[in-house]
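Okay, structure first, notes after.
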Amino acid sequence: MTWNKNRAEKVVRNYNNLWIVAMGSLETFKMFVNGKWVDSENGSTFESINPSIGKSWALIPEATANDVNNAVEAAYKAFNKGEWSKITPTQRGKYLRKLGDLLAEKSEKLGKIESIDTGKLLKETRWQAKYIAEYFHYYAGLADKIEGSTLPIDKPDMYAFNVREPLGVVAAIVPWNSQLFLVAVKIGPALAAGNTVVLKASEHASAAMLEFGKVIEEAGFPPGVVNIISGHGDPCGKTLTTHPLVHRISFTGGPATARHVIRNSAENFAEVSLELGGKSPFIVFEDADIESAVNGSIAGIFGASGQSCVAGSRLYLQESIADDFLDRMTLLAANIKLGDPLLDETQMGPLATLGQIKLIESEISNAKNQGAKILHGGNKPSNMNEGWFFEPTIVDCSDQKLKIVDTELFGPVLSVLRFKTEEEVIQLANDTKYGLAAGVFTKNSARSLRITKALRAGIVWVNTYRVVSPIAPFGGYKDSGYGRESGMQAIHDYTRIKTVWINTSDEPMSNPFQMR
Ligand code: TXE
């Protein structure tokens, strides 16, 4: 990020050397292509908005189709001809280890930029920026453990084996809600396996990802191995996902855009993985530790202001404990402190886009018309004039069929439903188009095993929620997408198998047209 004091007309805040300007002068960011910092070829930019104040704070380059071509061609050249194509897997691991070490040092600055750009709490972005070092260290260790196999082949005089090879250029499309975390999840395994990458930032928040290019530069990756571009779906995302030199697409975003991405991949036959969010059930049985479940549910839906793909946005309470549970929950929700995400005392920041607030308002109004009761929240806070804040909201839904129950709102809105039996709640929890995550609170371990088996979700948490690790695969069922990120599985998804046959006989091959 560059800062020029002379350009500033109105400075509104200064947090430890990170100045934020409200009007007149904006921070500028550049794209990172082929090891160089570049603007868009025609100089076009778009403004990034600080959702805490609802005003522009940064200028982001708008990549043209040509800019995208340059990035993909640089990645292709690095994959085919450059230093990266010649180094050993162990050396690739060393680059990743260095990247992880540098990230741990730079977490404060990267975290602040992400917080300003998205409204996510600095407490969380700072921690995430530090924790993602673990992802790079994990994949650094795996880089030289990608093994092939010898095949017990059924032909005499033949020796056959498999090797796992990288795919080539990976297009990694990252949304705004967890920029740095999702960068690590995607490029860690992609680079460990020997691919090169073009990262596309979201038009809603790109700054932290572009800043991340400085860490790539300092880690010394050869030019073209990691390229970072910014821009809208069209032309930037479209050109990238249809590009003939792209062989793998890793997409995180919404299902509607994912359908475009799948269609785009028909142009280049790129392999695709999709992580598309959800409407995750959070189930509490009467034998659960209620205090722990209330805290888990609050964290599951109001953490990151509900802008999390795994938000536990459908709460299922066994009837006998429902009223007491909701009393405790609404009391806690009423005390959540909304405010500036950079301050330590703030517990919930704003939403990242105005569009989300509009969607939430419209769905809450629909739900009320369909008979739902608002137990807490439901509005923009009356005492906050600027910024895109929304109250933590708890909606008591009389019926699973209410539209709000199966609509991802990506905000701090919880739908509550009651159940009588285990069979009933399994049916209700699975009655959704999504299938990313689920939470179950019970002290009965046999039941927890029965339920985890029955739930149609890619991740099930028992007596905990929202825990992630580089070691644990992450991904969904149904409309929540396909493919898995993290863990050894991700390495498999960024490689393909080559089969090699060797004839070990000294006899020449016979003429196929002379039958013996
Ligand atoms: O996502 P989009 P948006 C959900 C959430 C949210 C909704 C829309 O419900 O409210 O999706 O969010 C790029 N070819 N999630 O608008 O549109 C686009 O530029 C290639 C859940 O942010 O899916 C951006 O970089 N790329 C989710 C990226 O796709 C294209 C996180 C995501 O944009 C493109 C975010 C095209 N034709 C939203 N068009 C999660 N899984 O956590 C757009 N893009």
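As a basis for the values below, the full set of heavy atoms in this structure was taken, side chains included, without hydrogen atoms, waters or symmetry mates. In each ligand, atom 1 is the first atom listed, and ligand 1 is the first ligand listed. Everything numeric in this text was worked out from a predicted model, so none of it was measured.
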Residue shell around ligand 1, heavy atom under 4.0 angstrom:
Ile173, Val174, Pro175, Trp176, Asn177, Lys200, Ala201, Ser202, Glu203, His204, His232, Gly233, Gly237, Lys238, Thr241, Phe251, Thr252, Gly253, Gly254, Thr257, His260, Val261, Asn264, Glu275, Leu276, Gly277, Cys309, Glu408, Phe410
Looking at side-chain heavy atoms only, is the closest gap between Ile229 and Pro61 below 4.5 Å?
no
Can the ring centres of Tyr316 and Phe419 be said to be less than 6.0 Å apart?
no
Can you label the angle between the Phe441 ring and the Phe282 ring as parallel, tilted or perpendicular, going by 30° and 60°?
parallel
Ile404 versus Cys397: any side-chain heavy-atom pair under 4.5 Å?
yes
Using the ring-ring contact (aromatic ring centres under 6.0 Å, His included) rule, take Tyr135 and Phe181 through it: C-alpha gap first, then chi angles, then the decisive distance, then the call.
CA-CA 9 Å; Tyr135 282 74; Phe181 178 70; 5.4 Å; yes
N-O pairing of Glu217 and Lys214 below 4.0 Å
no
